[in-house]
Amino acid sequence: MERGSFRQLKLLQTASQWQQACQTRSSQSLILSPEDPGADAHLNRYRDYLGHEFESVLLDCQAGLNADAICALCGTIVGGGELIILLPSDNSAMVERLLRFASHYFNNNALPANASDSFKKAQTEHQTLVEVLTSEFINEDSPHTHILVAERGRGKSTLLGKALAEVSATCAETEIIVTAPRKANAQVLLKQAPTATFKAWDKLLEQLGDSTQQLIIDEAAGIPLWATEKLCQKFTPWLLATTVSGYEGCGRGFAIHFQQWAEKHLSKVENHRLTAPMRWPANDPLEHWLTDTFLMDETTTALTPELADGQFIEHASQLQENTLRQCFQLLLNAHYQSSPNDLNLLLSDPLHRLAYTRQNGEVVAVAWLIKEGPVPKELHTPILQGKRRPKGNLLPQAIGYFLQQTWALSACWLRVARIAVPAGLRHQGYASELLDFIRQHPSYKHIDKIGTSFAWEPGVATFWEANGFVPWRTSHRLDSVSARPAAIYVRADSMGDDPSSNTSLTDDISRWAKAEQNWLINAHSKIPENLITNPLPHLLVKAYVNERIPFDAAHFALAVYYQNKHPADELTQYLSRPSCSLKQLAHYYDCSSKQQANVKLRKDTARLV
């Protein structure tokens, strides 16, 4: 195989083609499949192989397209290698897109690769930056924090390893720690600096911070943003590198959010970008195919003044290519958990729509809409009992289960999954106007409730409340990525003749949720005494006693209930604190496990009920 040549793509459509490709695999290849026993691993294990290099990667996507796996592993293929994908049998818009761009970039008319010029440019780029990083570290008392972003295949890890090796050789007394989402992701870095100390990021969070220790984070987009921020506060961050596309968690969104945080909280920050590929020649058709197919191009999309201005709701598969690019770029940049699989969902799922506003050829607001419910009747009881949680239908299932509202499973919901406006046009009313348009759109006249779910923080909550949405649920657990509680907000008024059009019922839910949220966020706030007249605490306490919902889902209801029944009891004092956990209750009950404490609390509560 000639590593200086372009990489290739094969899109297979039959099982026999797949078997033939597997039989002729090279020794430096990777096969991932959810079903093939001869595969190296399940397709969902693709993250384990980031940071490696392969001559060929074979992905079995017959059971369903895994866009995240395709985008992530494409960057592990060296020049002259090939990506082989077994496509799903259904002819979805996403599959058609893969085939259409493949015929465009792999038409046998590609210009020959000029590998030597490409690699020289990459080597010069690397050498220059390594000199900057090492000389500054050696000669300055307080070096900058350097944030390095690049597409895959630009040699970020190699560069970090070289810089680390040079500094370690010169400043042996300086302790430098390397971390990454997984140790395998830092394999290339550690190969360049074999004496480096690697520690798992979650273990670093557990130990005491030490500002004398320098920190290097490779593949930073694969670590939750809140964890990266905490690591930078516990240690002295020197080098952080991340891929800006083709990664679960979307490196571009991560880069935007983290760079904004770093500018506010770190004293000296310098941003760098690698442009020339090291793993394959420049103008590689596989890279172009990947970028266009999955809309990962960061360059500003050209405006389309010839298209009509206005507000629209359409399925993504019906959008003109330029409009789709503008909408998806906005969604990517606004949300750091975005991923290539999002595009697959938008193009392939009939329940997903994009609402957008176009002004002078520019998309100035976009919302991702999902129809949810009604849930099949045979699933109602298992969902309410916590025995089933089918994929999808987030709002009806969350309200049905956590609030024990049977009607929610029979209602038709519209969920605003995301809403975004370009940075320079925010706070001008575009998002609010789009929400009004969505509510009044005739295609949603049958919808009973419109709601949203997001990682709660004051600014975002203020936006939704200003648009008539009120809290219906705030999770007691923090999201592992955002480190914020997930919140569900629902529009206060009904959109149709829904089963919850009983105003007193929705008012009870809203009052309960507001009180619970205030209790969770303002730890010292008192529990309102009149909440005991609300039907929610009785409903939730009963569900907890009957082992339908877990302790954290019933915690506030238990606090209200015990405060009303036994206000001076020691157990009431425990439960009235939002920070109270089953671990603390195990101490109160003098038992050896959280499970035993849970059983004892259920028994005590059953006597009251």
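Position 1 is the first residue of the sequence, and the numbers go up from there. Small disclaimer: the values here were computed from a predicted structure and weren't measured.
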So, does Arg602 use its side chain to make a donor-acceptor pair with the main chain of Asn546 at under 3.5 Å?
-> no
Taking the side chain as every heavy atom from C-beta outward, state whether Leu331 and Asp342 have any atom pair closer than 4.5 Å.
-> no
Is a side-chain N or O of Thr179 found less than 3.5 angstrom from the main chain of Lys199, in a donor-acceptor match?
-> yes
Is the number of heavy atoms from other residues, nucleotides or ligands within 6.0 Å of NZ (Lys234) greater than 12?
-> yes
I would like to know whether Val609 and Tyr561 meet side-chain contact (heavy atoms from CB on, under 4.5 Å); could you show each step before the answer?
-> CA-CA 9 Å; Val609 173; Tyr561 210 77; 4.2 Å; yes
Rounded distance [0.5 Å steps], CG in Leu394 versus CD1 in Ile370 | 8.5 Å
Atom pair CG/CG of Asn534 and Asp507 - distance to nearest 0.5 Å | 10.0 Å
Looking only at atom types and distance, does a side-chain atom of Gln584 sit under 3.5 Å from a main-chain N or O of Ser581, one as donor and one as acceptor?
-> yes
Closest non-hydrogen atom pair, Asn393 against Gly373 = OD1-N, 2.7 Å
Residue pair Phe328, Leu346: steps toward the side-chain contact (heavy atoms from CB on, under 4.5 Å) verdict = CA-CA 10 Å; Phe328 197 67; Leu346 285 166; 4.1 Å; yes
Report yes or no: is the cationic atom of Arg577 (NZ for Lys, CZ for Arg) under 6.0 Å from the centre of the six-membered ring of Tyr574, at an angle within 45° of the ring normal?
-> yes
Could you tell me the separation between the CG atom of Leu345 and the NE2 atom of His352, rounded to the nearest 0.5 Å?
-> 5.0 Å
Pairs involving residues 535-553, ordered by first then second residue, that meet salt bridge (Lys or Arg N to Asp or Glu O under 4.0 Å) (sequence neighbours left out) = Arg477-Asp552
CH2/Trp472 to CD1/Ile399 distance, rounded to the nearest 0.5 angstrom?
-> 6.0 Å
Given Val470 and Ile509, is the side-chain contact (heavy atoms from CB on, under 4.5 Å) satisfied, shown in steps?
-> CA-CA 10 Å; Val470 293; Ile509 293 174; over 6 Å; no
Using a cut-off of 6.0 Å, state whether more than 12 heavy atoms not belonging to Asn530 lie near its atom CG.
-> yes
Does the Thr357 side chain pair with the main chain of Val364, one donor and one acceptor, at a distance under 3.5 Å?
-> no
Using the ring of each side chain (for Trp, its six-membered ring), is Phe469 parallel, tilted or perpendicular to Trp464, with breaks at 30° and 60°?
-> perpendicular
Expected output: side-chain His315 to main-chain Asp349 donor-acceptor under 3.5 Å | yes
Check: Thr474 side chain, Gln517 main-chain N or O, donor-acceptor pair, under 3.5 Å = no
Does a side-chain heavy-atom distance below 4.5 Å link Thr506 with Lys449?
-> yes
If we only count heavy atoms from C-beta on, is the Pro485 to Leu520 side-chain gap below 4.5 Å?
-> no
May I ask you to test the Thr242-Phe258 pair for a side-chain heavy-atom distance under 4.5 Å?
-> no
Could you give me the CA-CA distance, side-chain angles and deciding distance for Gln405 and Leu539, then say whether side-chain contact (heavy atoms from CB on, under 4.5 Å) is met?
-> CA-CA 9 Å; Gln405 300 294 310; Leu539 199 61; 3.5 Å; yes
Tell me, with the steps shown, if Asn598 and Tyr589 meet side chain to side chain donor-acceptor pair (under 3.5 Å).
-> CA-CA 10 Å; Asn598 206 23; Tyr589 281 115; over 6 Å; no
Ala586 backbone acceptor or donor facing Gln596 side chain under 3.5 Å = no
Hey, what do you get for CG (Leu414) to CG (Leu395), rounding to the nearest 0.5 Å?
-> 9.0 Å
Relative to each other, are the rings of Trp519 and His555 parallel, tilted or perpendicular (30° and 60° limits)?
-> perpendicular
Ignoring hydrogens and geometry, is there a side-chain-to-backbone donor-acceptor pair from Gln404 to Leu384 under 3.5 Å?
-> yes
Look only at the side chain of Thr462 and the backbone of Pro458, and say whether a donor-acceptor pair between them is shorter than 3.5 Å.
-> yes
NE2 (His42) with more than 12 external heavy atoms under 6.0 Å = yes
Can you tell me how far CG of Leu32 sits from CZ of Arg45, rounded to the nearest 0.5 angstrom?
-> 10.5 Å
Could you check whether the rings of Trp226 and Trp201 sit parallel, tilted or perpendicular, using 30° and 60° as the cut-offs?
-> perpendicular
Please examine the side chains of His446 and Lys371, heavy atoms only from C-beta on, and report whether any two atoms are closer than 4.5 Å.
-> yes
Candidate list Asn344, Leu65, Leu43, test side chain to side chain contact (heavy atoms under 4.5 Å, CB included), partner Ile70, passing option = Leu65
Short side-chain donor-acceptor distance under 3.5 Å, Tyr562 and Thr605 = yes
When you look at CD of Glu529, are more than 12 heavy atoms from neighbouring residues, nucleotides or ligands closer to it than 6.0 Å?
-> no
Give a yes or no answer on whether the side chain of Gln397 reaches the backbone of Arg389 with a donor-acceptor pair at less than 3.5 Å.
-> no
